[in-house]
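This one's a predicted model, so the numbers in the text were calculated from it and none came from an experiment.
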Amino acid sequence: MFIRRRAAQAFADAWGSRRRPDDAEIGALVALARRLEVSATAHPDPAFREGLREQLIAAAGQTMVAGPPRRVVEGQPVSPGRRRARWAGAVVAATLALVGSVSASASAVPGDILYPVKMGTEHVERTFAGDDKSLGRLYLTQAGTRLGEAEVLGQQSNTNARTRVSSALEAFSDSAERGSALLLGGTSRQIDPTDAEYVAAFAEDSTLRLNALLERLSLADRASAERAVRTLADLGVDIGTVCPECTGDTERVAESVDNLLSDVQRTLAEGGPGATTEDAGRTGQPSEGAGQSGTIGRDGSPSGGDSGSSEQPRPRTTAPPIESLPIIALPEAKPPSSVGDVLSPVVGAVLGDDRQEGLVPSVLGVLGLRR
Amino acid sequence: MTEARHPIGVAVLAPPFDVSALWIALAQIRTGTGHSSRTPPGSDDTHAERVHALVELARTGDAEAFGQLYDIYVTTVYRYLYYRVGSRQLAEDLTSDTFVRAMKAVGRFTWQGKDFGAWLTTIARNLIADHYKSARVRMELTSDIVPERGPAAESSEDEALEHLSDHALHHAISELSSEQRDCIVMRFLSGMTIAQTAAALDRSEGAVKQLQLRALRNLAKNVPPELRPQP
């Protein structure tokens, strides 16, 4: 198709320019067209020509029907209505320009000229949010936007962009905390399960994105990245705390918690000093790092002390403050029935799986804490 | 001077017409000459302005303006018809029908990106289609539509050979498909531009460029070997 179009254009150019074309076939076709042109010698007979003209002019009075005159668009004074229309046009143009700026600012990242416009637009959106539920969801949406900005900046290699990743991650944490607090934080009111699922979906999505982003982070981003990860883990805890009715199959939840604990213990054992490298989670012997973790037992009761080499490994239940953890706050001990179905995939994705694929292992690796 | 030649046109010079273009056009009018067959109508801005002014006058019922449009386009229309139907008499009849129909409809003519010459050629094309659709002509379709030889006597052997070559060439054109034949006749025998041909065929200019290339390739296969162009 493209070749045909190019050949057609080459012939048209050669015919129009009357220059000898480079292509032999085109040259032959141009010669044929010239031969045709030369052969076109037919002319209407002069007598016929003049006779027909006279007949047409004579018949014009009965044959020709005048059409409507063409509208005049120039040289007329501008009517008030037209003037108003012009003003309206100017206003529309200005509005379109404003809308265009707002639209263009949608892809701005921290440091861009249009970024303040973007932030102002988001502020206006929050102002018009009708209730806490809408505002909370809007905050989470904007948190996702911040994460997107961090992703864009993370792909840029210049130093200025690198320094702006941290600010984007900090803003992500702020928005995520505010949004989840609005959706889940009200202890005085009944939590809507759809809100809990909304937060869970946000956390899961953000976890995956943050996990992918970690490869592009530097040590300078450590503090903001830690805070973002901690925020996501807190979301999982909050969901399980405020929405016990979200819990589905108790056995399955308990199994998920056990798997979660195994992952946590192995991850932290690898990450902490003096960690054993093999089967740390399976034997239930936590490392120093893991010893700081707050965990829960299968039956929901605290299993105190080091379980050593017991056949039924039970995680430690002494739960230090979340702030003392190296990277992430772990769920506090509580009955397994208080953990909803939505908790397991979210926190599991945060803390990692059997293959050490997860946010925490990635953070540890990137930040140099995993050995 | 203009008033003497064209009193009706002067009488309707008030808006809504483009007065300056019209005066320029009327001052440049050369009645009865038409234009060179190698210089297609609409090839320069001045000519286009003149045609535009004449069409606007003709739309109001100005017979003389229509007559001058006739002078400009009669050769193009006749040549197109002649090389399509192959008969001088039929070409003259269809030329008459084309301009009569155009004169009736010129009041409703709207530009809409269409050249006036292309509009006339479209009318002529429709008339050819109507002609060949008639039952009377269907019985005669076996006759060759290769153009008749001109009335001029062949004064030399070279001219005779040239006429024979032309006859073979036009016979090869008649073997093309209808659309390719139209394209070849409009572009290379009537001297219409790509834009005019596109408007007459209701195709895009790019499509006409491809169509003329395909038509020429097929024509090159149809012509006798001695007429086949060599690169």
Side-chain angles (χ1 to χ4, degrees), chain A residues 1 4-16 20-21 23-76, chain B residues 15-17 32 37-38 56 58-64 66-67 70-71 74-75 78-79 82-83 88 91-92 95-96 99-100 103-109 147 150 162 165-166 169-170 173 184 187-191 194 206 209-214 216-217 219-220 223 227-231:
Chain A
M1 181 70 180
R4 280 208 309 269
R5 196 177 305 159
R6 197 168 53 184
Q9 186 61 47
F11 173 81
D13 293 341
W15 178 254
R20 187 179 182 82
D23 186 272
E25 189 214 4
I26 298 296
L29 295 179
V30 168
L32 178 60
R34 299 220 189 292
R35 180 70 183 80
L36 282 170
E37 191 183 48
V38 170
S39 74
T41 56
H43 282 275
D45 182 69
F48 161 76
R49 177 179 176 143
E50 290 304 316
L52 178 58
R53 191 181 199 282
E54 289 174 6
Q55 289 174 22
L56 289 171
I57 297 295
Q62 294 81 36
T63 306
M64 292 186 78
V65 179
R70 200 172 51 153
R71 288 182 56 197
V72 179
V73 295
E74 294 179 356
Q76 287 188 341
Chain B
F17 303 110
S37 62
R38 300 295 177 266
E56 289 303 322
R59 286 182 70 244
T60 65
D62 188 326
E64 179 56 28
F66 187 83
Y70 167 86
D71 293 336
V74 64
T75 301
Y78 172 82
R79 189 172 286 174
Y82 174 70
Y83 286 113
R88 193 171 288 273
E92 289 181 352
T95 301
S96 298
F99 280 97
V100 169
M103 193 165 64
K104 290 178 180 175
V106 71
R108 302 190 302 274
F109 175 77
E162 189 175 338
S165 299
D166 290 351
L169 203 54
H170 297 151
I173 292 173
I184 290 288
R187 287 285 291 128
F188 306 114
L189 299 179
S190 296
I194 288 278
K209 288 177 183 176
Q210 295 196 42
L211 180 63
Q212 73 176 2
L213 184 70
R214 285 198 304 272
L216 281 170
R217 279 174 171 161
L219 184 65
V223 297
L227 292 179
R228 206 162 287 166
Q230 299 300 322

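Proximity to chain A (any heavy atom under 4.5 Å) is restricted, for B:Ile184, to the side chain, taken from C-beta onward. Interface remark: B:Ile173 contributes side-chain atoms only to the contact with chain A (heavy atom separation under 4.5 Å).
Scanning all heavy atoms of the two residues, the minimum distance from A:Ala7 to B:Arg217 falls at CB-NH2, 4.0 Å. What you find for B:Arg187 and A:Trp15 is that their closest heavy atoms are NH2-CD1, 3.3 Å. Contact between A:Ser39 and B:Tyr83 at its shortest, heavy atoms only, is O-OH, 3.3 Å. Scanning both residues, A:Asp45 and B:Glu92, for their nearest heavy atoms gives CB-OE2, 3.9 Å.
Interface summary for chain B: among A:Ile57, A:Leu56, A:Ile26, the most heavy-atom pairs under 4.5 angstrom belong to A:Leu56. Listed options B:Phe66, B:Phe109, B:Tyr78 were ranked by heavy-atom pairs under 4.5 angstrom with chain A; first place goes to B:Tyr78. Per-residue heavy-atom pair counts under 4.5 Å with chain B were compared for A:Ala10, A:Ala12, A:Pro44, and the maximum is reached by A:Pro44.
Here the straight-line distance linking atom CZ of B:Phe188 with atom CZ of A:Arg34 works out to 9.5 Å at 0.5 Å rounding. The distance from the NZ atom of B:Lys104 to the CD atom of A:Gln62 is 11.5 Å, given to the nearest 0.5 Å. With rounding to the nearest 0.5 Å, the separation of CG in B:Leu216 from CD in A:Glu25 is 10.0 Å. Between A:Gln9 atom CD and B:Leu213 atom CG the span is 11.0 Å, to the nearest 0.5 Å. One distance of note links CG of A:Leu52 with OG1 of B:Thr95; it measures 7.5 Å at 0.5 Å rounding.
For the 3.5 Å distance criterion, the side chains of A:His43 and B:Thr75 fail to qualify, holding no donor opposite an acceptor.
A heavy-atom distance below 4.5 Å is not found between the side chains of A:Glu37 and B:Leu189. Side-chain contact check for A:Phe11 versus B:Lys209: every heavy-atom pair is 4.5 Å or farther apart.
Between the side chain of B:Tyr70 and the backbone N or O of A:Arg49, at least one donor-acceptor pair lies under 3.5 Å.
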